[in-house]
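First the structure, in the form of C-alpha cells, and then the observations on it.
Quick note: numbers below take in every heavy atom, side chains included, and nothing from hydrogens, waters or symmetry partners. Numbered from 1 within each chain, the chains take letters A, B, ... in sequence-line order.
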Amino acid sequence: MKREIPILITLITGIFMVVTFFIPHWPFGDMEQRALIWFSIVSGFAMVLGIDSLLAPHFKNIIRRRAGWFHSALLIFGFTATLIAGLQSGLVRHSILAGDGWFMWVYLYIIVPLQGTMFSLLAFFIASAAYRAFRARTIVATLLLVSAVLVMLGRVPIGEALWSRFPDIQGWIMAIPQTAARRGIMIGIYLGAAATALRIILGIEKPYLN
Amino acid sequence: MKIIQLLEGLGKVDRRIIFLLVFLAVLIPMFVSKTGQIRPEEPVKQAYAAVDRLKPGDVLMVSIDYDATSEPELKPMLEAILYQAFQKNLKVVMTGQLALGLPLGQISLDKVVNDLKEKHGIVKEYGVDYINLGYRPGYVSVILAIGREIRDLFQSDYQSKPINQFPIMEKIHNYDDIGLILVLAHGATIDTWVQYANGRFGVKIIAGLTAISAPDAYVYLNAGQLSGLIGGLAGAAQYETLVGVPGGGTRGMPAQSWSHILIIILVIIGNAGYFITKYLGGK
C-alpha cells in the first residue's frame, strides 16, 4: 500500500489536471482554479524546506568545527539579519518594500551590489574563454565562430558604423538559422517532457517514491 | 627565432592581461566614446508598436521576472516602456515571478512617475493609474490562475492593502481585461507566459529578455505567439531611441561596442596563435 497509494494519487491528479486544462467549463474550471491556489500555497511552504536545506548543513559545520566553519557562521548571521530586517519592514513599516524599512536597506546596499558584482564577473570569464576555446578547428566550429562574430558586430552601433549591412545580417542569422535550430531542439525537449510526464502519471516512473 | 616565439605566444596570452583589457574596454568608452547611431531592429519595433496600439485606459501588465543580476539590461527596457505607457495614459499593473525582482520594479515605477511629474507635469497616482500586486509563489499556477480571476491569488497589493479598494482594479479580473503583457525576464518564465497566458488565454505578450535568453524567444516571435521582442542592452537602447528617452541602454552602448570589438580581436589573435602553432608543429 505504501507504493500503490502514492501512484494512485499521482494518476488521479495527473489525469484530473489534463482534463481540467482542456475543459475549462463547470465543474472542471472551478476545480482547476482550486488546485492552482493549493499549488501556490504548497509552493510557499517549499520555502520552509529550502530554509531547512540551507541551514542544516551549516549548523552541522559549526557544531563539528569543520574546515571553513566560519563561513557557515557568516551565512547564518546573514540569514538571521535579513530575516530580522524583513520582519521589521513587514511589521513596523507594513511593507517589505517600504523605503525606510530595514529590508530595503539590506536589499539595496548588500543584495543588489553582491548579485550585480557576481554577474559582472562573467564578462571577464567570457572574454577569456572566447580567446582560449573559440578555435576554428572544424568547418562547423568555423561556421559558429563566423556567425558569432557577425552577430556581435550587428548588435552594436559600432558594427553599423563599420558596415551598414551588419545589423541586417545579424537579424537574418537570429531570425532564420538560429530559430530553425532552436525550434528543432525545443520540439525534441517538449516531446521528451510529454513522454516523461505520461510515464510519471501512469506510474512507469516513480521519482517521488525515492 | 624570436618572431616564431612571438607568433606562438599569440595563443598564450595571460588571462590577467585579458581581464585588464576587458576592464579598460568597458570603462574608457563610458567617458570618452560617442554612442553612435542606434537603428531599432524589427522585433523591437514590433514591441513598440504593440504598446503604441493600446488605447488610453487599456491595461498593460508588467511581470518583473528578473533580479539584480540582469538589472543593467532589463531596467532600461522597463523604464522606457513605462514612459511610453504613462504618456499614452495606459494603466499599469505590476507583478513578478521572482521575489527579489519586485523591489527593482517598484523603484523603476517610482522613478518614472517622479520624472514625468517633474519634467512633463504628468501626474500618475498609485491605485488609480498603476499598482504593484507583489509576488506570489508557484509561477505556473499564478499565470494560469490569473486567467480566471486575479483576486484568487492577489487579494492584496505589495503593501498588503486589499486590491478592491483601488479604482484601477475595479474592472480588472482576468486576461480578458488586460490589453498586453510585458514580460521582463532573465530565465525561462517567458516560456510559461507564452505557453499558458498566450497559448491558452490568447492574451498578447511582448518580451524584454537578456541577450543570452533572447535567442530562445525568436521561436515564439516567428510563430506570432510574441507580439514583440527586446533583446539585451542593445534592444533596450533601441527601445529608448523609439520612445525618445535615452537612458541606461543608450549609455551602455559605447562600452558594449568596444567590449564586442575586443572579444572579436581576442578570438582572431587566439586563432592566429592556434594556426601558427599547428603549422610550425607540423613542419
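For A/Leu162, the part sitting under 4.5 Å from any heavy atom of chain B is the side chain, from C-beta outward, and nothing else. If you measure heavy-atom distances from A/Leu145 to chain B, the contacts under 4.5 Å come from the side chain alone. No part of A/Phe22 comes within reach of chain B, as not one of its non-hydrogen atoms sits under 4.5 angstrom from that chain. Contacts between B/Lys12 and chain A at a heavy-atom distance below 4.5 Å involve the backbone alone (N, CA, C, O).
Note that OG1 of A/Thr179 is 8.0 Å distant from CG of B/Leu221, once rounded to the nearest 0.5 Å. Interatomic distance, B/Tyr66 OH to A/Gln115 CD, rounded to the nearest 0.5 Å: 12.0 Å. Note: A/Ser40 OG to B/Asp152 CG = 11.0 Å, rounded to the nearest 0.5 Å. Here the OH atom belonging to B/Tyr218 is positioned 11.0 Å from the CD1 atom belonging to A/Ile173, to the nearest 0.5 angstrom.
Under the 3.5 Å distance criterion, the side-chain polar atoms of B/Tyr274 are left unmatched by any main-chain donor or acceptor of A/Phe134. Listed for the B/Thr69 side chain is no donor-acceptor partner under 3.5 Å among the backbone atoms of A/Gly116. A distance-only check finds no donor-acceptor pair linking the side chain of A/Arg155 to the backbone of B/Gln256 [under 3.5 Å]. Side-chain atoms of A/Gln33 come within 3.5 Å of backbone atoms of B/Ala145 as a donor-acceptor pair (strictly under, hydrogens ignored).
Here the closest heavy-atom approach between residue B/Pro215 and residue A/Met174 is recorded as CG-CE, 3.6 Å. Pairing each heavy atom of A/Asp168 with each of B/Arg39, the nearest pair is OD1-NH1, 3.6 Å. Of all the heavy atoms in B/Phe23 and A/Phe124, the pair that sits closest is N-CE2, 3.7 Å. The shortest heavy-atom contact between A/Phe39 and B/Ser141 is CD2-OG, 3.2 Å. Residues A/Met152 and B/His260 approach most closely at O-ND1, 2.9 Å, considering heavy atoms. Across all non-hydrogen atoms, the minimal contact from A/Ser43 to B/Gly138 is OG-CA, 3.3 Å.
For chain A, the option among B/Gln195, B/Arg136, B/Gln238, B/Glu71 with the highest count of heavy-atom pairs below 4.5 Å is B/Gln195. Annotation: maximal heavy-atom pairing with chain B below 4.5 Å, among A/Arg34, A/Arg132, A/Arg93, A/Met47, occurs at A/Arg132. Most heavy-atom pairs under 4.5 Å with chain A: of the set B/Asn222, B/Val142, B/Asp216, this distinction falls to B/Asp216. With respect to chain B, the highest number of heavy-atom pairs below 4.5 Å among A/Ser128, A/Ala123, A/Ser120 belongs to A/Ser128. Annotation: maximal heavy-atom pairing with chain B below 4.5 Å, among A/Met104, A/Gln170, A/Arg183, occurs at A/Arg183. Of the listed residues (A/His94, A/Arg137, A/Met118), the greatest number of heavy-atom pairs within a distance under 4.5 Å of chain B belongs to A/Arg137.
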| task | For the pair A/Val156 and B/Trp258, evaluate side-chain contact (heavy atoms from CB on, under 4.5 Å) and give the outcome as yes or no after the intermediate values. | result | CA-CA 9 Å; A/Val156 287; B/Trp258 286 105; over 6 Å; no
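In B/Ile261, the CD1 atom is crowded: over 12 heavy atoms of neighbouring residues, nucleotides or ligands sit closer than 6.0 Å.
Each of B/Ile269, B/Ile268, B/Asn271 was checked for a side-chain contact (heavy atoms from CB on, under 4.5 Å) with A/Tyr131, and the lone residue meeting it is B/Ile269.
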